[in-house]
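The structure appears right after this line, and notes come after that.
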Amino acid sequence: QVQLVESGGGLVQAGGSLRLTCATSGRTFGSVTMGWFRQASGKEREFVAAISGSGGSTYYADSVKGRFTVSRDNAKNRVYLQMDSLKPEDTAVYYCAAGPPYFNEVVRSTRTYDYWGQGTQVTVSS
């Protein structure tokens with residue numbers, strides 16, 4: 001069974017930065033799409049970013065484009081979400097997810113992913 005564990009969340013001021021890490025195990029990590037999603041209180045889980053198995057392709061939600069960067073280190077079985085210029089509306093629980101071996105627009109959907117981490121809280125104060 002795939003295991004995903006997020007870390008790196010916390011409380012930051014608006015304009016600050018934070019880097020989230022997703023540690024993975026249980027399958028061929030380098031062959032699958034990895035996604036980041038977030039869920040604010042009272043809202044649906046939404047797409048943040050995704051990266052292809054090789055790390056060569058990425059997608060971002062419009063709301064984070066230019067501020068967040070997703071990356072991966074397959075040798076370490078890690079994916080990262082570097083979050084810069086944080087805004088209060090970025091406050092949410094952030095989840096990493098393991099998806100399919102292909103990479104196209106459907107990786108923006110939660111339905112595409114079979115495995116999820118437990119989430120890590122990010123709170124951005126104003």
Side-chain angles (χ1 to χ4, degrees):
Q1 186 177 26
V2 172
Q3 293 179 310
L4 307 172
V5 180
E6 302 96 335
S7 62
L11 174 64
V12 298
Q13 293 184 348
S17 297
L18 206 60
R19 187 172 80 156
L20 306 184
T21 298
C22 179
T24 71
S25 64
R27 66 181 295 169
T28 306
F29 172 74
S31 69
V32 301
T33 294
M34 296 293 295
W36 286 98
F37 295 79
R38 66 188 183 188
Q39 187 166 21
S41 295
K43 297 183 179 180
E44 295 184 351
R45 193 167 298 186
E46 67 176 359
F47 173 75
V48 176
I51 187 165
S52 62
S54 68
S57 299
T58 58
Y59 286 123
Y60 296 95
D62 288 344
S63 59
V64 307
K65 196 172 298 179
R67 300 188 298 119
F68 290 10
T69 304
V70 61
S71 61
R72 67 194 297 161
D73 185 340
N74 288 344
K76 296 181 178 179
N77 287 353
R78 299 285 188 273
V79 295
Y80 306 97
L81 186 68
Q82 177 67 43
M83 304 184 295
D84 298 320
S85 301
L86 282 161
K87 304 175 180 179
E89 51 262 46
D90 296 318
T91 295
V93 177
Y94 283 70
Y95 300 88
C96 65
Y102 54 82
F103 194 79
N104 57 42
E105 286 289 336
V106 305
V107 303
R108 295 177 179 268
S109 173
T110 59
R111 303 179 191 89
T112 305
Y113 297 83
D114 294 322
Y115 305 100
W116 296 81
Q118 84 289 347
T120 186
Q121 177 71 46
V122 172
T123 302
V124 184
S125 64
S126 60

- Task: Report the residues that fulfil side-chain contact (heavy atoms from CB on, under 4.5 Å) with Thr112, sequence neighbours left out, ordered by chain and then residue number.
- Result: Pro100, Tyr102, Val106, Val107, Ser109

- Query: How long is the gap from CD on Glu6 to CD on Gln121, to the nearest 0.5 Å?
  - Reply: 12.0 Å

- Heavy atoms only: give me the nearest Val122-Met83 pair and the separation to one decimal. CG2-CE, 3.8 Å

- Looking at residues at least two apart in the chain, or sitting in another chain, which of them share a ring-ring contact (aromatic ring centres under 6.0 Å, His included) with Phe68? none

- Query: Would the number of heavy atoms belonging to other residues, nucleotides or ligands and lying under 6.0 Å from CD of Glu46 be above 12?
  - Reply: yes

- Query: Looking at residues at least two apart in the chain, or sitting in another chain, which of them share a ring-ring contact (aromatic ring centres under 6.0 Å, His included) with Phe47?
  - Reply: Phe37

- Query: Given the rule that I, L, V, M, F, W and Y join up when any side-chain heavy atoms are under 4.5 Å apart, are Phe103 and Tyr60 in one cluster?
  - Reply: no

- Note on the structure: When rounded to the nearest 0.5 Å, the distance separating CZ of Arg45 from OH of Tyr113 is 12.5 Å

- What residues form a side-chain contact (heavy atoms from CB on, under 4.5 Å) with Ser54, not counting sequence neighbours? Ser52

- Those residues that, when tested against Ser71, pass side-chain contact (heavy atoms from CB on, under 4.5 Å) (two or more places apart): Tyr80

Donor-acceptor pairs under 3.5 Å, side chain of residues 88-99 to any protein atom, not counting sequence neighbours: which ones?
{"residue": "Asp90", "atom": "OD1", "partner": "Arg38", "partner atom": "NH1", "Å": "2.9"}
{"residue": "Asp90", "atom": "OD1", "partner": "Arg67", "partner atom": "NH2", "Å": "3.0"}
{"residue": "Asp90", "atom": "OD2", "partner": "Arg67", "partner atom": "NH1", "Å": "2.7"}
{"residue": "Asp90", "atom": "OD2", "partner": "Arg67", "partner atom": "NH2", "Å": "3.4"}
{"residue": "Asp90", "atom": "OD2", "partner": "Lys87", "partner atom": "N", "Å": "2.7"}
{"residue": "Thr91", "atom": "OG1", "partner": "Pro88", "partner atom": "O", "Å": "2.9"}
{"residue": "Thr91", "atom": "OG1", "partner": "Val124", "partner atom": "N", "Å": "2.9"}
{"residue": "Thr91", "atom": "OG1", "partner": "Val124", "partner atom": "O", "Å": "3.4"}
{"residue": "Tyr94", "atom": "OH", "partner": "Arg38", "partner atom": "NH1", "Å": "2.9"}
{"residue": "Tyr94", "atom": "OH", "partner": "Asp90", "partner atom": "O", "Å": "2.6"}

- Item | Value rounded to 0.5 Å, distance of OG in Ser125 from CG in Leu86 | 10.0 Å

- Tell me, please, which residues at least two apart from Lys43 pass salt bridge (Lys or Arg N to Asp or Glu O under 4.0 Å). none

- Item | Distance, nearest 0.5 Å, that separates CZ of Arg72 from CZ of Arg78 | 12.5 Å

- Straight-line distance of Leu81 CG to Thr69 OG1, nearest 0.5 Å: 8.0 Å

- Test side chain to side chain donor-acceptor pair (under 3.5 Å) applied to Thr110 - qualifying residues, sequence neighbours left out: none

- Note on the structure: Minimal heavy-atom distance between Met34 and Thr24, with the atoms involved, is CE-CG2, 3.7 Å

- Note on the structure: residues 50-83 vs disulfide (SG to SG under 2.5 Å), sequence neighbours excluded, gives none

- Sequence neighbours excluded - salt bridge (charged side-chain N to carboxylate O under 4.0 Å, His left out) pairs with any residue from residues 97-112: Glu105-Arg108

- Quick one: which residue pairs count as a salt bridge (charged side-chain N to carboxylate O under 4.0 Å, His left out) with a foot in residues 49-62, not counting sequence neighbours? Asp62-Lys65

Which side-chain N or O atoms in residues 9-19 pair as donor and acceptor under 3.5 Å with protein atoms at least two apart or in another chain?
{"residue": "Ser17", "atom": "OG", "partner": "Asp84", "partner atom": "OD1", "Å": "2.8"}

